[in-house]
Amino acid sequence: MEPRFNLFDSPTAAKVAKRFYNTSLALDGTLSKSLRELVELRVGQLNGCGFCVDVHTKEAAAAGETALRLNLVAAWRHTTVFTEAERAALALAEEGTRLGDRGVSDETWAAVREHYDDDQVGALVCLVSLINAATRMNVIVHNPGGSYQPGAFAGMEN
(Lines give C-alpha, C1' and ligand atoms only; values in the text may rest on other atoms or scores of the structure.)
Protein backbone atom coordinates (compact mmCIF):
# COMPACT_ATOMS: atom_id res chain seq x y z
CA MET A 1 0.00 0.00 0.00
CA GLU A 2 1.39 3.36 -1.00
CA PRO A 3 1.03 6.37 1.29
CA ARG A 4 -1.62 8.78 0.06
CA PHE A 5 -0.47 11.89 1.82
CA ASN A 6 2.09 13.02 4.38
CA LEU A 7 0.22 14.95 7.06
CA PHE A 8 3.36 16.99 7.71
CA ASP A 9 3.12 18.42 4.19
CA SER A 10 0.09 20.35 5.41
CA PRO A 11 0.99 23.18 7.80
CA THR A 12 -2.41 22.86 9.49
CA ALA A 13 -2.26 19.08 9.87
CA ALA A 14 1.35 19.28 11.09
CA LYS A 15 0.30 21.84 13.71
CA VAL A 16 -2.55 19.59 14.85
CA ALA A 17 -0.27 16.52 14.96
CA LYS A 18 2.27 18.37 17.09
CA ARG A 19 -0.43 19.60 19.48
CA PHE A 20 -1.91 16.13 19.58
CA TYR A 21 1.44 14.67 20.64
CA ASN A 22 1.95 17.37 23.24
CA THR A 23 -1.55 16.76 24.60
CA SER A 24 -0.62 13.12 25.14
CA LEU A 25 2.33 14.22 27.30
CA ALA A 26 -0.19 15.27 29.96
CA LEU A 27 -0.70 11.54 30.57
CA ASP A 28 2.94 11.06 31.63
CA GLY A 29 3.20 9.89 35.21
CA THR A 30 -0.48 9.03 35.59
CA LEU A 31 -0.30 5.65 33.82
CA SER A 32 2.82 3.55 33.40
CA LYS A 33 4.57 3.82 30.04
CA SER A 34 4.08 0.08 29.57
CA LEU A 35 0.32 0.23 30.13
CA ARG A 36 -0.04 3.20 27.81
CA GLU A 37 1.84 1.44 25.04
CA LEU A 38 -0.15 -1.79 25.46
CA VAL A 39 -3.44 0.13 25.23
CA GLU A 40 -2.25 2.11 22.22
CA LEU A 41 -0.96 -1.05 20.55
CA ARG A 42 -4.32 -2.78 21.00
CA VAL A 43 -6.23 0.15 19.52
CA GLY A 44 -3.79 0.27 16.60
CA GLN A 45 -4.40 -3.43 15.99
CA LEU A 46 -8.17 -3.04 16.12
CA ASN A 47 -8.15 -0.10 13.72
CA GLY A 48 -5.71 -1.75 11.31
CA CYS A 49 -3.11 0.99 11.68
CA GLY A 50 0.26 -0.43 10.64
CA PHE A 51 2.04 2.77 11.61
CA CYS A 52 0.54 2.78 15.11
CA VAL A 53 1.26 -0.92 15.64
CA ASP A 54 4.86 -0.26 14.58
CA VAL A 55 5.22 2.77 16.86
CA HIS A 56 3.66 1.25 19.96
CA THR A 57 5.33 -2.14 19.63
CA LYS A 58 8.74 -0.48 19.40
CA GLU A 59 8.06 2.09 22.12
CA ALA A 60 6.79 -0.65 24.45
CA ALA A 61 9.88 -2.75 23.80
CA ALA A 62 12.10 0.28 24.42
CA ALA A 63 10.25 0.79 27.72
CA GLY A 64 11.10 -2.79 28.73
CA GLU A 65 7.98 -4.66 27.66
CA THR A 66 8.68 -8.30 26.81
CA ALA A 67 8.30 -9.85 23.37
CA LEU A 68 5.96 -12.46 24.85
CA ARG A 69 3.49 -9.87 26.13
CA LEU A 70 3.73 -7.78 22.95
CA ASN A 71 3.04 -10.84 20.83
CA LEU A 72 0.01 -11.73 22.94
CA VAL A 73 -1.73 -8.33 23.07
CA ALA A 74 -4.01 -9.25 20.16
CA ALA A 75 -5.20 -12.33 22.09
CA TRP A 76 -4.96 -10.90 25.62
CA ARG A 77 -8.26 -12.45 26.76
CA HIS A 78 -6.81 -15.92 26.14
CA THR A 79 -3.49 -15.49 27.95
CA THR A 80 -2.08 -15.53 31.47
CA VAL A 81 0.53 -12.79 31.03
CA PHE A 82 -1.56 -9.69 31.82
CA THR A 83 -2.63 -8.50 35.26
CA GLU A 84 -6.28 -7.96 36.11
CA ALA A 85 -5.68 -4.20 35.98
CA GLU A 86 -4.10 -4.47 32.52
CA ARG A 87 -6.96 -6.68 31.36
CA ALA A 88 -9.45 -4.04 32.51
CA ALA A 89 -7.56 -1.34 30.57
CA LEU A 90 -7.35 -3.52 27.46
CA ALA A 91 -11.09 -4.24 27.66
CA LEU A 92 -11.76 -0.50 27.92
CA ALA A 93 -9.49 0.06 24.91
CA GLU A 94 -11.41 -2.50 22.86
CA GLU A 95 -14.88 -1.42 23.85
CA GLY A 96 -13.96 2.27 23.59
CA THR A 97 -12.68 1.63 20.09
CA ARG A 98 -15.68 -0.43 19.00
CA LEU A 99 -18.32 1.98 20.29
CA GLY A 100 -20.76 0.97 17.57
CA ASP A 101 -20.89 -2.61 18.84
CA ARG A 102 -22.34 -1.85 22.26
CA GLY A 103 -20.19 0.81 23.84
CA VAL A 104 -18.32 0.28 27.09
CA SER A 105 -20.09 -2.36 29.14
CA ASP A 106 -20.96 -1.92 32.80
CA GLU A 107 -18.73 -4.92 33.57
CA THR A 108 -15.71 -3.35 31.91
CA TRP A 109 -16.38 -0.01 33.56
CA ALA A 110 -16.64 -1.69 36.98
CA ALA A 111 -13.31 -3.49 36.40
CA VAL A 112 -11.62 -0.24 35.39
CA ARG A 113 -13.01 1.53 38.49
CA GLU A 114 -11.82 -1.36 40.67
CA HIS A 115 -8.21 -1.04 39.53
CA TYR A 116 -7.70 2.65 38.79
CA ASP A 117 -8.27 5.88 40.72
CA ASP A 118 -10.18 8.84 39.29
CA ASP A 119 -7.11 10.44 37.73
CA GLN A 120 -6.06 7.17 36.11
CA VAL A 121 -9.58 6.52 34.82
CA GLY A 122 -9.63 9.97 33.26
CA ALA A 123 -6.21 9.33 31.74
CA LEU A 124 -7.35 5.98 30.30
CA VAL A 125 -10.44 7.55 28.72
CA CYS A 126 -8.30 10.31 27.20
CA LEU A 127 -5.66 7.81 26.03
CA VAL A 128 -8.21 5.60 24.27
CA SER A 129 -9.80 8.65 22.65
CA LEU A 130 -6.50 10.16 21.50
CA ILE A 131 -5.09 6.95 20.03
CA ASN A 132 -8.35 6.27 18.21
CA ALA A 133 -8.12 9.67 16.54
CA ALA A 134 -4.43 9.12 15.70
CA THR A 135 -5.09 5.70 14.17
CA ARG A 136 -7.86 7.10 12.05
CA MET A 137 -5.64 9.87 10.69
CA ASN A 138 -2.90 7.38 9.81
CA VAL A 139 -5.27 4.85 8.23
CA ILE A 140 -7.00 7.52 6.12
CA VAL A 141 -3.68 8.64 4.58
CA HIS A 142 -2.20 5.09 4.41
CA ASN A 143 0.74 5.97 6.66
CA PRO A 144 2.75 2.71 6.56
CA GLY A 145 4.41 0.93 9.43
CA GLY A 146 7.89 -0.50 9.48
CA SER A 147 10.34 2.36 9.66
CA TYR A 148 9.58 4.00 13.02
CA GLN A 149 12.51 4.49 15.40
CA PRO A 150 11.77 4.65 19.16
CA GLY A 151 11.83 8.18 20.52
CA ALA A 152 11.26 9.79 17.12
CA PHE A 153 8.33 11.84 18.41
CA ALA A 154 10.42 13.52 21.10
CA GLY A 155 11.35 16.26 18.61
CA MET A 156 7.71 17.34 18.54
CA GLU A 157 7.70 18.52 22.15
CA ASN A 158 7.09 22.21 22.75
Side-chain angles (χ1 to χ4, degrees), residues 7 13 15-140 143 145 148 150-158:
L7 290 172
K15 193 182 319 179
V16 170
K18 183 175 181 177
R19 289 182 178 155
F20 219 75
Y21 173 74
N22 280 282
T23 297
S24 75
L25 295 177
L27 303 173
D28 287 354
T30 305
L31 302 170
S32 72
K33 175 76 169 160
S34 177
L35 179 64
R36 286 174 48 199
E37 296 300 338
L38 292 173
V39 165
E40 291 174 315
L41 172 57
R42 186 63 186 130
V43 172
Q45 291 170 337
L46 292 168
N47 287 331
C49 182
F51 180 74
C52 295
V53 170
D54 186 28
V55 168
H56 299 295
T57 299
K58 290 174 180 173
E59 288 290 346
E65 195 54 72
T66 67
L68 174 66
R69 285 167 44 95
L70 290 173
N71 289 330
L72 291 175
V73 167
W76 66 269
R77 291 180 190 275
H78 306 285
T79 71
T80 60
V81 300
F82 299 102
T83 67
E84 289 302 314
E86 289 168 333
R87 295 168 77 74
L90 289 167
L92 180 68
E94 285 188 0
E95 293 176 18
T97 298
R98 295 176 167 158
L99 290 173
D101 291 351
R102 68 174 187 161
V104 175
S105 69
D106 291 339
E107 296 80 16
T108 293
W109 189 252
V112 167
R113 294 300 296 168
E114 178 182 338
H115 294 286
Y116 299 100
D117 65 27
D118 287 351
D119 199 31
Q120 292 168 322
V121 170
L124 278 168
V125 169
C126 290
L127 178 65
V128 171
S129 300
L130 286 169
I131 190 60
N132 266 287
T135 60
R136 284 161 169 77
M137 285 187 266
N138 284 300
V139 170
I140 289 168
N143 193 8
Y148 178 79
F153 289 140
M156 293 176 61
E157 291 182 32
N158 283 337

With a 4.5 Å heavy-atom cut-off, do [X] and [Y] have their side chains touching?
X: Glu40; Y: Leu127; value: yes
X: Tyr116; Y: Leu92; value: no
X: Val55; Y: Leu41; value: no
X: Asp118; Y: Arg113; value: yes
X: Asn47; Y: Cys52; value: no
X: His56; Y: Ile131; value: yes

Looking only at heavy atoms, which two atoms of [X] and [Y] are closest? And how far apart?
X: Ala26; Y: Thr30; value: O-OG1, 4.3 Å
X: Val128; Y: Ala93; value: CG2-CA, 3.8 Å
X: Ala88; Y: Val112; value: O-CG2, 3.5 Å
X: Arg36; Y: Ser24; value: NH2-O, 3.8 Å
X: Val53; Y: Gly44; value: CG2-C, 3.7 Å

Donor-acceptor pair, [X] side chain versus [Y] backbone, under 3.5 Å?
X: Arg87; Y: Phe82; value: no
X: Arg69; Y: Val81; value: yes
X: Glu65; Y: Leu70; value: no
X: Asp54; Y: Gly50; value: no

Measuring from atom [atom1] of [X] to atom [atom2] of [Y], what distance do you get when rounded to the nearest 0.5 angstrom?
X: Leu35; Y: Thr83; atom1: CG; atom2: OG1; result: 8.0 Å
X: Thr79; Y: Asn71; atom1: OG1; atom2: CG; result: 11.5 Å
X: Leu124; Y: His115; atom1: CG; atom2: NE2; result: 11.5 Å
X: Glu37; Y: Leu31; atom1: CD; atom2: CG; result: 11.5 Å
X: Leu72; Y: Arg77; atom1: CG; atom2: CZ; result: 14.5 Å

- In terms of ring plane angle, is the pair Phe51 and Phe153 parallel, tilted or perpendicular, where the classes change at 30° and 60°?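 If you compare the ring of Phe51 with that of Phe153, the planes turn out perpendicular.
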
Partners meeting side chain to side chain donor-acceptor pair (under 3.5 Å) with [X] (sequence neighbours left out):
X: Thr57; answer: none
X: Tyr148; answer: Glu59
X: Gln120; answer: none
X: Asn143; answer: Asn138

- Message: Please determine whether the number of non-hydrogen atoms from other residues, nucleotides or ligands lying under 6.0 Å from atom CZ of Arg19 exceeds 12.
- Response: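 For Arg19, atom CZ is not crowded (no more than 12 foreign heavy atoms under 6.0 Å).
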
- Task: Check the pair Asp101 / Glu95 against side-chain contact (heavy atoms from CB on, under 4.5 Å), numbers first and verdict last.
- Result: CA-CA 8 Å; Asp101 291 351; Glu95 293 176 18; over 6 Å; no

- Message: According to salt bridge (charged side-chain N to carboxylate O under 4.0 Å, His left out), does anything in residues 42-52 pair up with another residue at least two apart or in another chain? List the pairs.
- Response: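 Residue pairs with at least one partner in residues 42-52: Arg42-Glu94.
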
- Query: So which pairs with a foot in residues 128-139 pass salt bridge (charged side-chain N to carboxylate O under 4.0 Å, His left out), sequence neighbours left out?
  - Reply: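 Pairs touching residues 128-139 that pass the test: none.
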
